[in-house]
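Worksheet for the structure shown next.
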There are 2 protein chains.
Amino acid sequence: MPKIKFDQIYETLKDNIINNRYPEHMLPREVELAEEFHCSRNTIHRAIAQLNNEGYVQSIKGRGTVILQSLPIQNDRFFLNLRSYGSIPAITQYHKADVTTSVMSFQEITVDEKLSAVTGFDPGTEVYYIQRLRYLDNKPLLRDVNYFRKDVVTGLNVSIAQSSIYDYITDTLHKKILAARRIVRIKKAEEKDKDYLSLGDYDCVGVIYNYVYISDGTLFEYTESHFVPDNFGFSEFVQY
Amino acid sequence: MPKIKFDQIYETLKDNIINNRYPEHMLPREVELAEEFHCSRNTIHRAIAQLNNEGYVQSIKGRGTVILQSLPIQNDRFFLNLRSYGSIPAITQYHKADVTTSVMSFQEITVDEKLSAVTGFDPGTEVYYIQRLRYLDNKPLLRDVNYFRKDVVTGLNVSIAQSSIYDYITDTLHKKILAARRIVRIKKAEEKDKDYLSLGDYDCVGVIYNYVYISDGTLFEYTESHFVPDNFGFSEFVQY
DNA sequence: TGGTATTTGTCCGTATGTATC
DNA sequence: GGATACATACGGACAAATACC
């Protein structure tokens, strides 16, 4: 697995930062690093840009690159970065836990004006409308409401919905997912949330709205994932 | 205000995309754009990388750069991108609304072990501990709990806390804010949330945890901003 | 206050690698 | 396999912000 050069350098620098190998809380100059890693300054610059994006350092013109103090870690829940969390299975894999799925409803419907305004699909589009419950170690974690374009995710059925729709799309249909936009909001729990999620004494749920693009740039999935407030947090890094 | 080249190109391309001037839903090739804008392919590549980051397009090796279908807009609340929202005043300015602040409590305390685990300040650090209520057009919007290092934000007082602490830091103390990390969670409303925010029949609040860095890379502020669920949403873009 | 060295930011031109069709 | 188009990398140049004398 020959990694890309700037990515190797990025990893090395990150490791050095985490293990406190720069006691001055500054990275060496870019020209110095370029010599050390036997590459151009340009490449070093890209690696450091990555460290900037992820909040490890902050570069300042004329001064150098400052290493940022690390934060207290909060491990009592899933801390997602919306930009990089990938899929639910990926999360659970990371946390060494098992996820199971039960399909509560599976229908084929046509998008009307009202649904169009919510999902972004044009009115008249044929979609699969699926409701599922995702369990983590046998405890309810998410209530998913999915809408998939029928002309993209052709041949979807309950059995596939029970295992992994994404595996079906990529491995069987050989289609590629391009990108997604996610929005998080807090909402009053619906009846179904109360019925199926273990809300305890919460009367709210978190909702992740997921808009997903297939390789030609068309929207093919709209999903709402309702979750118990306790289970998730969302983190981001900002530069001034 | 002479903008930098790749940023100008980025803006132009974004405008073209939004106004649907590429009917094939593809950007022109990078070499073509380089000719059109009289610059190197390198610069075009950077501008397009920016469009990728913000979710307007997705570049695919060997194929080109796909324009992504736009999403339905949701305008009933503040839709924040955690990475770019800046400060509360900045939000309100954008929404053409007035923000006022009332200081509920102003103390000087020393960080103990327990508070250290929450804030990231070392035990023994002297901090200002401030509770404030932020109103938008005279309706309660946020309940802020701030901790500022005394040795960084020297000479803070109630009067400053009532106007703008950030103006004080930058304009009076001439210090620069480097970066911040933000985490969003949902929590059960505390008594003070119920007392001061207009929660209606919600029993939950959203909380933004804010860790802020000053120019030498040290953490100098920890803030919790409690908000009414209705008021906010958080959006992010993801690439595969 | 002003000038100079330092350091990152931006950009160019070119070359090579690699995925797609 | 060949053509196309984006991805990565190099080395050099100048701009702009900062620090220091």
Side-chain angles (χ1 to χ4, degrees), chain A residues 1-13 22 24-53 56-68 170 174-179 214-217 239-240, chain B residues 1-13 22 24-53 56-68 170 174-179 214-217 239-240:
Chain A
M1 184 74 85
K3 274 196 192 174
I4 307 163
K5 198 159 184 176
F6 89 86
D7 203 52
Q8 276 181 358
I9 294 170
Y10 155 79
E11 294 285 353
T12 307
L13 291 176
Y22 299 113
E24 300 305 307
H25 302 292
M26 294 283 289
L27 282 189
R29 312 183 211 15
E30 293 188 354
V31 279
E32 247 174 72
L33 290 171
E35 281 177 31
E36 181 184 337
F37 288 98
H38 305 290
C39 67
S40 73
R41 217 200 101 204
N42 226 322
T43 303
I44 293 292
H45 190 73
R46 263 193 85 180
I48 293 179
Q50 186 76 4
L51 290 169
N52 269 276
N53 284 334
Y56 291 99
V57 304
Q58 175 77 24
S59 296
I60 304 162
K61 199 189 288 188
R63 200 145 72 87
T65 298
V66 178
I67 296 171
L68 299 178
T170 54
H174 301 292
K175 290 182 175 171
K176 285 202 176 168
I177 287 143
L178 250 200
I214 201 76
S215 55
D216 65 354
Q239 294 179 80
Y240 289 95
Chain B
M1 185 73 87
K3 277 195 190 172
I4 44 187
K5 200 159 185 175
F6 89 88
D7 204 52
Q8 275 182 359
I9 294 170
Y10 154 78
E11 295 284 354
T12 307
L13 292 175
Y22 300 113
E24 301 306 307
H25 301 292
M26 293 284 290
L27 281 190
R29 307 184 206 36
E30 293 188 353
V31 278
E32 254 174 65
L33 289 171
E35 282 177 29
E36 182 184 336
F37 288 98
H38 306 291
C39 68
S40 75
R41 225 200 92 204
N42 221 323
T43 303
I44 294 291
H45 189 73
R46 266 193 80 181
I48 293 180
Q50 186 76 3
L51 290 169
N52 268 277
N53 284 335
Y56 292 99
V57 304
Q58 176 76 24
S59 296
I60 304 164
K61 206 185 285 189
R63 204 146 68 84
T65 298
V66 179
I67 296 171
L68 299 178
T170 54
H174 301 294
K175 291 182 175 171
K176 284 199 177 171
I177 287 144
L178 251 199
I214 201 77
S215 56
D216 65 353
Q239 294 179 81
Y240 288 95

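Throughout, protein chains are lettered first and strands after them, A, B, ... in sequence-line order, and every chain is numbered starting at 1.
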Just the atom pairs and distances: protein N or O near nucleotides 12-15 of chain D's N or O, under 3.5 Å.
none

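Contact annotation for B:I60: backbone-only contact, meaning every heavy-atom pair under 4.0 Å involves sugar-phosphate atoms and none involves a base.
The distance from atom CD of B:Q58 to atom C1' of C:dA19 is 14 Å, rounded to the nearest whole Å. What separates CD of A:E30 from C1' of D:dC10 is a distance of 15 Å, to the nearest Å. We find that CZ of A:R29 is positioned 17 Å from C1' of C:dG9, with the value rounded to whole Å. When rounded to the nearest whole Å, the span between OH of A:Y10 and P of D:dA9 equals 15 Å. Look at CZ on B:F37: it is 16 Å from C1' on C:dC11, rounded to the nearest Å. If you measure from atom CG of B:L33 to atom P of D:dT4, you get 18 Å, rounded to the nearest angstrom. A:H38 has its NE2 atom 12 Å from the P atom of D:dG11, to the nearest Å. If you measure from atom CD of A:E35 to atom C1' of D:dC10, you get 15 Å, rounded to the nearest angstrom.
Close to C:dA19, at under 4.0 Å from its OP1 or OP2, lies no side-chain N or O of B:R63. Regarding contacts with the backbone of C:dT10, a side-chain N or O of B:R46 is found under 4.0 angstrom from either OP1 or OP2. Look at B:K5 and you'll find a side-chain N or O under 4.0 angstrom from OP1 or OP2 of C:dC12. Contact annotation: B:H45 reaches the phosphate of D:dA7 (side-chain N/O to OP1 or OP2, under 4.0 Å).
Taking A:R41 as the reference, A:E30 meet the side chain to side chain donor-acceptor pair (under 3.5 Å) condition, with sequence neighbours excluded. For B:T170, there are no side chain to side chain donor-acceptor pair (under 3.5 Å) partners at least two apart in sequence or on another chain. Partners of A:E32 under the salt bridge (charged side-chain N to carboxylate O under 4.0 Å, His left out) rule, at least two apart in sequence or in another chain, are A:R29. Taking the side chain to side chain donor-acceptor pair (under 3.5 Å) definition, one finds that A:S40 meets it with A:T43, sequence neighbours left out.
Taken from CD in B:Q58 to OG1 in B:T65, the straight-line distance is 8.5 Å, to the nearest 0.5 Å. Summarising the geometry, atom CD1 belonging to A:I4 is positioned 11.0 Å from atom CD belonging to A:E11; distances are rounded to the nearest 0.5 Å. Here B:Y56 contributes atom OH and B:I67 contributes atom CD1; the two are 12.5 Å apart, rounded to the nearest 0.5 Å.
With a 3.5 Å limit on both pairing distances and Watson-Crick or G-U wobble geometry required, the stems of 3 or more pairs in DNA chain C span C:2-21 with D:2-21.
Across all non-hydrogen atoms, the minimal contact from B:R46 to B:F6 is NH2-CE2, 3.3 Å. Shown here for B:L33 and B:P28, the closest heavy-atom pair between the two residues is CD1-O, 3.6 Å.
When side chains are defined from C-beta on, A:V57 does not count as touching A:L68, because their heavy atoms never get closer than 4.5 Å.
With DNA chain D read from its 5' end, the first of the two nearest nucleotides for A:I44 and B:V31 is the one closest to B:V31. Each of B:L27 and A:F6 was matched to the nucleotide of DNA chain D holding its nearest heavy atom; the match closer to the 5' end belongs to B:L27.
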